[in-house]
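Below is one structure, written out as structure tokens; the observations come after it.
Each ligand, and each atom within it, is numbered from 1 in the order the structure gives. Counting begins at 1 with the first residue of the sequence.
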Amino acid sequence: MQIIQNIDALRLVLKHASVRAFVPTMGNLHDGHLELMRMARQAADARAGGPGAMTVASIFVNRLQFAPHEDFDSYPRTFERDSELLAANGCDVLFAPSEKDLYPETQVFKVHPPAELADILEGAFRPGFFVGVSTVVHKLFNCVQPDIALFGKKDYQQLMVIRRMVQQMALPIDIIGAETRRAANGLALSSRNGYLSHAELAEAVQLSIALKGLAAAVREGNAQGTFNVAAAEEAAMQALRARNWVPDYLTVRRQHDLSPIAGPCTDPLVVLGAAKLGKTRLIDNLEV
Ligand code: PAF
């Protein structure tokens, strides 16, 4: 695996790749990222149908997507370990630019996703987050020029924003969404799980348990033809509050555009949640 910091060097190395598959990350990798890498390898080789495909991962902790009070400075940087893991999971090129490489001057041109997608849910609690994500992903796409890019469904709204960006900007990239990887008890793997104490780590699965409860309420309400969405969402949040969590939202949305529902609904649905456990904010979701 080659490790490359500079955009020109990256372009040179990728020049003759017949197919490029790309996994953008902020490092501190877990098996969810490594699964994306393995899927990238498979997808690239299958598309190429012979030698010449190249897989690329990036590690870049993107200041633009962190609010001033968030954990940019303390975000875990575990480069040595990450690069070994990527090399062992099918990565040909690791692009690891410094801030000066990717943002040599203040990034004043930014990608602003539409408010109806970017100012709800995560965007409502993390203003500017999706501008930061869209801007860096668009820029990384320009550097790597991938044919295929892979993202985890754990960041459900992020995946949707990126799909819409690619579609609206006519970027010639196939976006693949991968299922969330979970620990044996059901806890969604996340870099931020590393912030949790031993006791919090055992408690953290309760977010997915609350979401499972909400998903069950959706199925039951739909089957009965009567469903008080607000009451079910409140009950799910209350279950977490009773265990000393501070939920931002637990909510039922349409998979298609994350719009809310008012009652029984036959569209494909997803339940999404974000809640603080101690100082750590966790997110998760389940398609219903
Ligand atoms: O999901 C992440 O790790 C980040 O938001 C991403 C897509 C790498 C952009 O910085």
Side-chain angles (χ1 to χ4, degrees), residues 5 7 10 20-37 39-40 55-67 70-79 81-83 85-86 89 91 93-99 101-103 107 110-113 117-118 121-123 125-144 146 148-166 169 171 173-181 188-195 272 274 280-285:
Q5 214 184 318
I7 298 174
L10 177 75
R20 304 169 187 192
F22 178 42
V23 179
T25 83
M26 296 205 300
N28 193 26
L29 305 180
H30 52 69
D31 199 49
H33 297 110
L34 302 179
E35 177 66 7
L36 293 178
M37 203 64 245
M39 289 172 69
T55 58
V56 185
S58 63
I59 296 182
F60 182 71
V61 184
N62 174 39
R63 188 186 290 275
L64 285 188
Q65 69 191 73
F66 288 78
E70 290 183 336
D71 54 345
F72 175 77
D73 289 323
S74 60
Y75 198 84
R77 273 107 172 144
T78 51
F79 188 78
R81 182 180 163 275
D82 291 346
S83 48
L85 288 169
L86 289 169
N89 282 275
C91 183
V93 177
L94 168 54
F95 180 45
S98 68
E99 277 201 282
D101 290 307
L102 206 62
Y103 299 136
Q107 184 73 29
K110 293 184 181 162
V111 179
H112 286 262
L117 200 54
L121 304 173
E122 283 305 281
F125 287 90
R126 304 183 66 187
F129 174 69
F130 287 114
V131 173
V133 168
S134 307
T135 302
V136 80
V137 170
H138 199 290
K139 193 157 187 175
L140 288 167
F141 282 172
N142 284 336
C143 298
V144 176
I148 303 164
L150 299 94
F151 296 84
K153 277 196 190 176
K154 169 155 173 300
D155 296 295
Y156 205 86
Q157 191 177 1
Q158 169 174 282
L159 174 59
M160 184 165 291
V161 167
I162 289 164
R163 279 194 197 285
R164 287 283 298 280
M165 175 179 81
V166 163
M169 298 294 198
L171 302 179
I173 304 171
D174 285 345
I175 301 296
I176 299 180
E179 293 306 322
T180 301
R181 297 287 274 195
L189 299 190
S190 162
S191 299
R192 288 192 167 93
N193 291 350
Y195 293 149
L272 306 105
T280 308
R281 186 172 181 279
L282 299 175
I283 62 171
D284 198 356
N285 64 78

Practice task
Measure Thr25 to ligand 1 on non-hydrogen atoms and call it side chain, backbone, both or neither using the 4.0 Å cut-off.
Solution key: backbone

Handout entry: Element-labelled atoms of ligand 1 that are located less than 4.0 Å from some non-hydrogen atom of Val136
Key = 9 (C), 10 (O)

Practice task
Could I get the full list of ring pair (Phe, Tyr, Trp, His ring centres under 6.0 Å) partners for Phe125, not counting sequence neighbours?
Solution key: Tyr249

Handout entry: Candidate list Val137, Ile176, Leu36, Val23, test side-chain contact (heavy atoms from CB on, under 4.5 Å), partner Phe151, passing option
Key = Val137

Problem - Gln158 neighbourhood, listing ligand 1 atoms whose heavy-atom distance to it stays under 4.0 Å - result: 1 (O), 2 (C), 4 (C), 5 (O), 7 (C)

Practice task
Assess Arg77 against Phe72: is NZ or CZ under 6.0 Å from the centre of the six-membered ring, and within 45 degrees of the ring's axis?
Solution key: yes

Problem - Proximal ligand 1 atoms for Gln65, defined as those under 4.0 Å from one of its heavy atoms - result: 4 (C), 5 (O), 9 (C), 10 (O)

Problem - Non-neighbouring partners of His30 that pass ring pair (Phe, Tyr, Trp, His ring centres under 6.0 Å), sequence neighbours left out - result: His33

